[in-house]
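Working notes for the structure below.
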Amino acid sequence: MSARKKLVAGNWKMHGSRAANAELLGGILQAGPFGADVAVCVPAPYLGEVGITLAGSAVAWGAQDCSAHEQGAYTGDVSVSMLSEFGCRYVIVGHSERRAYHGETDQQVADKAKIALGKGITPIVCVGETLAQREAGQTEEVVKRQLSVVIHTLGQCIGEIVVAYEPVWAIGTGKTASPEQAQEVHALLRAQLRAASQRADGMRLLYGGSVKPDNAATLFGQPDIDGGLIGGAALKAADFVAVCRAAG
Ligand code: PEP
């Protein structure tokens with residue numbers, strides 16, 4: 001058993017409404033406390049309200065993206081200063097949907113992770129291969145390249161991030177990586193982090209990609225899987241609570 005405390009982070013993506021959020025958070029708060037750390041990463045307009053709802057509770061909250069810039073003429077973007085002013089604890093950076101639909105590069109992802117850390121916000125840095133890359137035998141090369149840019153950009157601060165391995169082919173598809181497939185990549189990433197930082201063994205590496213109540217415990221039972229980044233199953237309190245409980 002690892003000494004790392006597990007983390008389960010919900011990624012609501014572009015889902016929610018004030019009423020639905022209140023119901024979902026109510027269900028999560030009622031079911032807690034949990035043995036694992038728990039967070040919800042919510043759409044930007046709801047950050048302030050969710051922060052107020054969760055204040056004083058054991059459930060943390062985070063954003064789904066941030067700007068790589070401190071401030072300025074970046075219409076539509078949200079800065080880490082703005083997030084930290086409200087008490088934001090985590091920010092997802094480099095989610096495959098942002099890489100695919102917004103053309104985010106490995107360097108932009110790394111820059112976002114760096115500026116977040118500078119404001120005391122823990123970046124959850126997503127890496128993962130597409131189905132075509134997996135089938136071409138490029139999984140190791142792809143995830144290591146994505147992580148290496150973050151390692152290079154953060155230097156010794158790399159020990160402060162959370163990494164999420166999210167195979168793109170498993171996100172929202174119902175096709176979960178097998179525990180063995182996920183563990184294999186997590187072990188590679190852990191080894192890469194060990195080469196860069198003495199803190200690698202204390203870092204949390206999350207798995208994301210169709211984690212559900214019925215597969216969470218087996219995935220979280222793998223030696224290098226320290227919790228999950230949860231999409232679809234984070235939108236129903238009963239499912240999310242079951243996944244949180246599977247983490248400890
Ligand atoms: C995600 O969006 O990060 C994710 C893992 O989604 P899902 O759990 O729905 O596959």
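Counting starts at 1 for both ligands and their atoms, following the listed order. All values below come from the heavy atoms of this structure, side chains included, with hydrogens, waters and symmetry mates left out.
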- Message: Would I171 count as being in polar contact with ligand 1, using the rule that some N or O on each side must be under 3.5 angstrom apart?
- Response: no
- Taking only Lys NZ, Arg NE, NH1 and NH2, and the carboxylate oxygens of Asp or Glu, determine whether D226 and R190 approach each other closer than 4.0 Å. yes
- Would you say E97 and ligand 1 have an N/O pair spaced under 3.5 Å apart? no
- Item | A170 and ligand 1 - part of the residue with a heavy-atom distance under 4.0 Å | backbone
- Residue list, salt bridge (Lys or Arg N to Asp or Glu O under 4.0 Å) with E49, at least two apart or on another chain: R18
- atom 6 (O) of ligand 1: closest protein heavy atom, distance to 0.1 Å, is G231 CA, 3.3 Å
- Query: Counting only heavy atoms, which portion of N11 has something under 4.0 Å from ligand 1: side chain, backbone, both, or neither?
  - Reply: side chain
- Task: Return the residue, atom name and 0.1 Å-rounded distance of the protein heavy atom closest to atom 3 (O) of ligand 1.
- Result: E166 OE2, 2.7 Å
- State which residues pass ring pair (Phe, Tyr, Trp, His ring centres under 6.0 Å) with Y90; sequence neighbours excluded, sorted by chain then number. none
- Item | Identity and separation of the nearest protein heavy atom to atom 9 (O) of ligand 1 | G232 N, 2.8 Å
- Result of checking I28, I230, T53 against V40 for side chain to side chain contact (heavy atoms under 4.5 Å, CB included): I28
- Item | Identity and separation of the nearest protein heavy atom to atom 1 (C) of ligand 1 | H95 NE2, 3.3 Å
- Query: Can a non-hydrogen atom of S210 be found less than 4.0 Å from any atom of ligand 1?
  - Reply: yes
- Item | Test item: E129 side-chain N/O and E140 main-chain N/O as donor-acceptor pair under 3.5 Å | no
- Query: Is a salt bridge present between D201 and R194, judged by a nitrogen-to-oxygen distance below 4.0 Å?
  - Reply: yes
